[in-house]
Amino acid sequence: MTRKALPRTPNRLDPIEGSRDLDEQFMGMIVALASEVTVLRARLDAAERLLIEHGALQAGAIDGYEPDEAAQKEREALRQASVNKVFRPLREAAQKDLATVQETSGR
Amino acid sequence: MIEISEQRAQLDHPLIAVPSHDELVEQLFVRDLKMFVGGQLEPVQAQIARVEDQALPATVSNNRADALRKRMARHESFRTWLAMKRESQRHLWSTVADSVERQAGELERLAQVEAPLGSVRTDETFDVPAYIQRGDIHLMPGGNAHDDGSLLQGAVMDRGGAVYMLGRNGGMLNDLRGQTAVAHVLTRFPDFAPTRILDMGCGIGTSTVPAATAFPETEVHGIDVGASILRYAHARAEHLGAAVHFSQQSAEKTDFADASFDLVYSCVLFHETSQAATLNIMAECKRLLRPGGLMVHLEVPLLHDNTDTWTELNGALEAQYNNEPNWRGALTADYQGLMAGAGFKDLMIGYQPASQAARQGPFRFGPDSEGVFRSWFIASGVA
């Protein structure tokens with residue numbers, strides 16, 4: 001049987017006085033992201049507990065984990081990539097401002 | 001503390017959409033977010049409102065809540081609180097819809113009941129009332145009248161309703177209001193022995209099943225505006241062993257015969273309708289009841305039983321941003337006058353303490369609210 005997708009947008013969302021649509025869009029994205037992170041964290045926790053339960057991981061092993069040099073390097077790159085990805089708009093905004101001041105000062 | 005937990009199977013009735021690990025965590029996240037919004041953000045807004053209310057000129061008396069609203073709207077935190085409250089509600093329906101869609105096949109299989117005790121009657125020509133169409137109640141996408149030919153909207157309403165009430169309303173059965181309405185009947189008439197009962201605005205039957213359980217020999221009917229939620233209500237009732245006959249009808253005008261019921265009741269129906277509909281529903285109750293029959297309407301606490309401006313404003317905001325079409329109308333109605341006008345006598349208006357199981361009481365009724373969720377407003381009268 002072919003099934004129709006359930007609707008996701010309610011009919012009638014009154015504007016909140018003094019708020020921009022963008023504010024609500026941001027809020028929606030932040031709630032969704034917080035939800036994703038919470039689910040991810042719980043899933044990781046469940047994985048750890050199951051691994052410990054089944055003897056594949058020792059309790060405290062993750063907190064006590066000391067990566068070797070190669071692993072440290074790879075983890076460093078992962079963190080850098082995250083920072084660059086998440087905060088790209090701020091870097092772009094700063095570069096744009098810089099370009100503007102350079103242009104107006106004639107250099 | 002709260003009856004939604006990670007112990008999934010224990011609390012669920014057989015038909016309720018059972019979430020996966022991730023879905024459950026997301027639903028608990030919504031619950032926690034709602035508790036944060038209600039428990040951490042809202043009290044601060046209440047404090048701001050108290051200060052703002054004191055600053056209002058004494059001459060503002062008529063529309064004090066409106067005047068307070070204008071002052072509150074100047075605060076950015078007031079606006080983010082409102083936006084966050086609404087977003088938590090939207091997120092609730094979204095995550096529940098995902099979970100229901102994932103197990104749609106299984107739910108439809110469970111809904112195939114071999115020898116049903118009750119029945120369901122839907123009506124493709126049903127004229128959905130304007131107050132239902134104007135905005136999706138509680139922001140549930142598609143609204144109460146949504147019908148795609150399946151029972152999935154009912155499954156969304158069931159699971160979402162239990163999370164929405166944060167488990168305060170009878171856990172996953174979400175049936176405290178129905179139990180409380182029936183407990184009121186037994187408070188008035190301990191030996192009540194009805195032949196036919198009607199629950200108006202029954203939704204997925206959370207308020208209807210308690211009547212069928214308390215009066216197993218009685219023919220119990222439930223009506224509502226949505227075919228999908230009624231199909232689900234039917235399957236849910238069957239899984240709970242309750243014989244209920246559901247039909248798609250407006251409480252303003254049903255196709256039941258005159259004087260054909262001993263009890264007609266509703267749970268939080270009026271604030272989802274309109275003032276004109278309330279009058280029609282009262283008249284319809286009178287028509288449907290045999291002389292001496294009982295009408296019972298359960299609602300949220302009345303506004304004039306709350307005193308401060310913030311409570312009134314907060315209610316108005318809830319009504320507007322969570323789409324409650326007749327919040328103010330239902331909460332300020334003169335139920336004494338409405339019931340007397342419709343021809344009812346032996347009127348009772350007040351508060352019935354929340355009941356876990358109607359037959360176990362508590363069998364007391366008084367003029368004062370015992371607190372939100374601890375008691376419910378009830379207006380009842382004899383035809």
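Chain letters run A, B, ... following the sequence lines, proteins first, then strands; residues in each count from 1. Source: prediction; values computed, not measured.
Defined by atom type and a distance below 3.5 Å, a donor-acceptor pair is missing between the side-chain atoms of Glu24(A) and Ser19(A). For the residue pair Thr80(B) and Glu76(B), no side-chain donor N or O sits within less than 3.5 Å of a side-chain acceptor on the partner. Side-chain contact check for Arg159(B) and Gln27(B): at least one donor-acceptor pair (N or O, by modelled atom type) lies under 3.5 Å. Remark: the Asp148(B) side chain and the Ser150(B) side chain contain an N/O donor-acceptor pair separated by less than 3.5 Å. Defined by atom type and a distance below 3.5 Å, a donor-acceptor pair is present between the side-chain atoms of Glu272(B) and His138(B). Between the side chains of Glu42(B) and Asn314(B), at least one donor N or O lies within less than 3.5 Å of an accepting N or O.
Heavy atoms closer than 4.5 Å to chain B are found in both the backbone and the side chain of Asp14(A). Only the side chain of Leu33(B) comes within contact range of chain A, with heavy atoms under 4.5 Å apart. Using a 4.5 Å cut-off between heavy atoms, Leu13(A) contacts chain B through both its backbone and its side chain. In this structure, chain A has no heavy atom under 4.5 Å from any part of Thr95(B).
Ring pair His271(B)/Trp327(B) is perpendicular by interplanar angle, where above 60° counts as perpendicular and below 30° as parallel. Ring pair Phe29(B)/His91(B) is perpendicular by interplanar angle, where above 60° counts as perpendicular and below 30° as parallel.
Ion pair Arg88(A)/Glu92(A) flagged as a salt bridge, since at least one NZ, NE, NH1 or NH2 atom sits closer than 4.0 Å to an Asp/Glu carboxylate oxygen.
With chain A as partner, the option from Lys70(B), Arg69(B), Glu23(B), Gln133(B) having the largest number of non-hydrogen pairs under 4.5 angstrom is Arg69(B). Contact tally against chain B (heavy-atom pairs below 4.5 Å) for Arg8(A), Met27(A), Glu17(A): the top residue is Arg8(A). Among Ala32(A), Ala46(A), Gly28(A), the residue with the largest count of heavy-atom pairs under 4.5 Å with chain B is Gly28(A). In terms of heavy-atom pairs under 4.5 Å with chain A, the best-connected choice from Ala97(B), Gly143(B), Gly105(B) is Ala97(B).
Residues of residues 317-326 of chain B that come within less than 4.5 angstrom of chain A, heavy atom to heavy atom, are Gln320(B), Tyr321(B), Asn323(B) in numerical order.
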Would Arg236(B) and Asp158(B) satisfy salt bridge (charged side-chain N to carboxylate O under 4.0 Å, His left out), going step by step from the backbone distance to the final call? CA-CA 9 Å; Arg236(B) 179 184 177 279; Asp158(B) 192 3; 3.7 Å; yes
